[in-house]
> 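First the structure, then my questions, so here it is.
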Amino acid sequence: MPVVSLVVIGAGNRGTNYGRWALANPSRAGVVAVAEPRQVRRDRFAAAHGIGTADAVEDWRQLAGRKRFADAVLVCTQDRMHAEPVEAFAALGYHVLVEKPMGPDEQTCRRIVAAAERAGVMLAVAHVMRYAPYTAAVKQIVDSGRLGEIMSVEHLEPVGFWHQAHSYVRGNWRRADLATSMLIAKSCHDLDWLQYILGLPPQRVSSFGRLSHFNRDHQPEGAADRCVDCAVEANCAYSAIRLYGGLLKGGEHGWPLDVVLDELTPAALEEAMRDGPYGRCVYACDNDVVDHQVVAMEFPGGATATFTMTGFNEGGWRRTRIFGDRGELTGDGETIRIYDFMTRQTQVVGLEDMGTMSAAGGHSGGDAGLMDAFTKAVALGDPEPIRSGPRESLASHLAVFAAERARLNGTVETV
Ligand SMILES: NC(=O)c1ccc[n+]([C@@H]2O[C@H](COP(=O)([O-])OP(=O)(O)OC[C@H]3O[C@@H](n4cnc5c(N)ncnc54)[C@H](O)[C@@H]3O)[C@@H](O)[C@H]2O)c1
């Protein structure tokens, strides 16, 4: 297979992550240019990939102003900054990998799909969960008919108390008007995953949820608006000092600490805690996205599913139970249990039993699986390896938008 040349737009958490895959797989892909306005990130990324200054630029428009000079582009900017670069690079003939969510609303998602189809280029959406070996195993079991006809599904996304505080109270996805709703930001993965496993999107949805905890009403007596000034900080589960200070001390310097700090030093941490957004009291932020939400779904044919997203737990991989008319599957992201109604026996399936690739790395192997599939598709000029193409990704985004409308309006929505 030829080596695929890549342009990375946005050398933040995701862009860096995909870049790392290319560095680890030089026979498959190489990054030849990057656009990133933050100099520390740009310089670090360019140095890691051996990119010269002419090809390490501040803004994606500088690269889109040239004739096509690479095979594909990875659009890794924030949620509301995907459509324009996708349109520009697709029109130049680049194949596109765009981060999820495609955009904050239906119109933007349709723009992205139309841009790829108009240009005749391949588009992969970063629904990384589709590419995790665990997902392949669950799908293989469901498709084999072992569980019989699927009647219902129970799916849980345990966001984790500190992740909720980091990303959705203090961080980039705290406000729907700056990013997107919680459901589209975090759980578009989950509705997409259910659609992938069941083979089709839901036809009707309803939803409930709200921001219950992370607001002024729950700020403890005596608390200050910053953890560094707070008299009750030592007693607070959401203390930023404990979270980020603990990571720095423990040498855990990747995500989420690298979102908070450019320089991983005690002095930089002190400054971030005093002045930056991540040092704020979780009860005194400008957040408005929900901290728990449920979605009820009905699929064509009558199967039903429930989905729960909640920030109030330890975190970890999603947990799912799939109920068929011949058996029940219980999965926790690592191990799958299948109970057979005929034999009344439970079989425990580990991922190694499924002969799948390694589940190590980001999103339980999903990040690597996506890059493997996308670069293979580009190298071969065949979209077949892409499991999250434009149409299926649009369908799952539409289900999420419908669910969010249902929550806001108290309705049952037809997708
Ligand atoms: N697939 C997943 O599981 C997953 C996980 C986390 C985040 N995401 C999504 O990935 C996207 C990026 O998230 P992130 O955490 O990497 O964010 P980030 O903020 O770390 O990275 C985005 C980068 O884009 C840069 N940028 C801004 N304007 C730019 C411009 N004009 N040209 C080029 N670069 C520009 C920013 O400076 C920033 O470094 C978001 O849409 C997010 O929702 C997906």
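For the single chain, residues carry numbers from 1 onward in sequence order. Everything quoted here is computed from the prediction, not taken from an experiment. Atoms within each ligand, like the ligands themselves, are counted from 1 in listed order. Atom set for the values below is all heavy atoms of this structure, side chains included, hydrogens, waters and symmetry mates excluded.
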> Hey, what's the ring geometry for H163 with H166, parallel, tilted or perpendicular (30° and 60° as the breaks)?
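Correct class here is tilted.
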> Does any N or O atom in G15 lie less than 3.5 angstrom from one in ligand 1, N or O only?
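It does not: no N or O of G15 is found under 3.5 Å from an N or O of ligand 1.
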> Of the side chain and backbone of Q78, name the one, both, or neither that has a heavy atom under 4.0 Å from an atom of ligand 1.
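For Q78, backbone and side-chain atoms both sit under 4.0 Å from ligand 1.
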> For atom 38 (C) of ligand 1, which candidate among K100, E36, R38, M129 provides the closest heavy atom?
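Nearest heavy atom to atom 38 (C) of ligand 1 lies in E36.
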> Measure from the side-chain N and O atoms of N287 to the backbone N and O of F214, and report whether any donor-acceptor pair falls under 3.5 Å.
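Checking the backbone N and O of F214 against the side chain of N287, a donor-acceptor pair under 3.5 Å is found.
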> Side chain, backbone, both or neither: which part of V128 has a heavy atom under 4.0 Å from ligand 1?
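For V128, the contact with ligand 1 is made by the side chain alone.
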> Polar contacts were defined as any N/O atom of the residue lying under 3.5 Å from an N/O atom of the ligand; does this apply to E99 and ligand 1?
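Between E99 and ligand 1 (N or O atoms, distance only) the closest approach is under 3.5 Å.
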> N215 vs H218, test: side-chain hydrogen bond (donor to acceptor under 3.5 Å, both in side chains). Steps then yes/no.
CA-CA 6 Å; N215 51 37; H218 292 86; 2.8 Å; yes
> Would H127 count as a contact residue for ligand 1, given that I'm defining contact as a non-hydrogen atom of the residue lying under 4.0 Å from a ligand atom?
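Under 4.0 Å: no for H127.
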> Quick one: look up the protein heavy atom nearest atom 32 (N) of ligand 1 and list residue, atom name and how far away it is.
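Closest protein heavy atom to atom 32 (N) of ligand 1: W60 N, 3.3 Å.
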> Quick one: does H189 get within less than 4.0 Å of ligand 1, heavy atoms only?
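H189 counts as a contact of ligand 1 under the 4.0 Å cut-off.
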> Using distance only, find each side-chain donor-acceptor pair of residues 404-411 under 3.5 Å and give its atom names and separation, not counting sequence neighbours.
residue, atom, partner, partner atom, Å
E404, OE1, Q293, NE2, 3.2
E404, OE1, R407, NE, 3.3
E404, OE2, R407, NE, 3.3
E404, OE2, R407, NH2, 2.9
R405, NE, E413, OE1, 3.1
R405, NH2, E413, OE1, 3.3
R407, NH1, G209, O, 3.1
N409, ND2, R405, O, 3.4
T411, OG1, E413, OE2, 2.8

> Between the side chain of S393 and the main-chain N/O of S388, is any donor-acceptor distance below 3.5 Å?
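Answer holds: yes.
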> Please determine whether any non-hydrogen atom of C76 lies less than 4.0 Å from an atom of ligand 1.
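A heavy atom of C76 does come that close to ligand 1.
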